[in-house]
Amino acid sequence: MSTPEPGLDRHEWQTERESLQEQLEDSPEEALPDFAALVERMLEARGFDLADGVTAAGDDPELVDRWRAARDVAAAAETGGADPGDVANAVNNLSELYDDLIVERGAP
């Protein structure tokens, strides 16, 4: 089994975020579930246990709580039942989490 190249995940995540950016601006309700899924994969790659609520990294349970809240809004958005203000807040929270995971936490 090969070891992934350092920075490969980061490059893939940045590419995916860039592809979502226009849709997040034009139709945030439609793009929110994909953005939440991206941040979920990033958290998992950084060692966060999203199923349990206690992070393997152990340093920031608030980060996971913010992702969960955004994920819940994303689930409502998929059924067309999300409030536009909640969608905007979820996009903002996910953007902050994304930035934190890319900049502050670096490569796993």
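Positions are given from 1 along the sequence. Just so you know, these numbers come straight off a predicted model, no measurement behind them.
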Q14 vs Y98, side chain to side chain contact (heavy atoms under 4.5 Å, CB included): CA-CA, chis, key distance, verdict
CA-CA 9 Å; Q14 288 174 321; Y98 172 90; 3.3 Å; yes
Between V39 and F35, is a side chain to side chain contact (heavy atoms under 4.5 Å, CB included) present by the stated rule, with each step listed?
CA-CA 6 Å; V39 173; F35 194 22; 4.1 Å; yes
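Nearest heavy-atom pair across E78 and P33 is CG-CG, 3.3 Å. Residues L63 and F48 approach most closely at CD2-CZ, 4.1 Å, considering heavy atoms. The two residues A31 and Q23 come nearest to each other via the heavy atoms CB-CG, 3.5 Å.
Judged as a side chain to side chain contact (heavy atoms under 4.5 Å, CB included), and not counting sequence neighbours, the contacts of E96 are R66, N93. Among residues two or more places apart in sequence or in another chain, the side-chain hydrogen bond (donor to acceptor under 3.5 Å, both in side chains) test is passed with E30 by S27.
Interatomic distance, L50 CG to L43 CG, rounded to the nearest 0.5 Å: 5.5 Å. Note that CE of M42 is 9.5 Å distant from CD of E16, once rounded to the nearest 0.5 Å. Taking CG from L38 and OG1 from T15, the interatomic distance works out to 10.5 Å, rounded to the nearest 0.5 Å. With values rounded to the nearest 0.5 angstrom, D100 atom CG is found 12.5 Å from S95 atom OG. Rounded to the nearest 0.5 Å, atoms CD1 (I102) and CZ (R17) are 9.5 Å apart. L32 contributes atom CG, which lies 7.5 Å from atom CG of L24 (distance to the nearest 0.5 angstrom).
Counting only N and O atoms by type, the side chains of Q21 and E25 include a donor and acceptor under 3.5 Å apart.
No donor-acceptor pair under 3.5 Å is formed between the side chain of W67 and the backbone N or O of L97.
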Check: residues 85-92 side-chain donor-acceptor pairs under 3.5 Å, at least two apart:
{"residue": "N89", "atom": "ND2", "partner": "G85", "partner atom": "O", "Å": "3.4"}
{"residue": "N92", "atom": "ND2", "partner": "A88", "partner atom": "O", "Å": "3.3"}

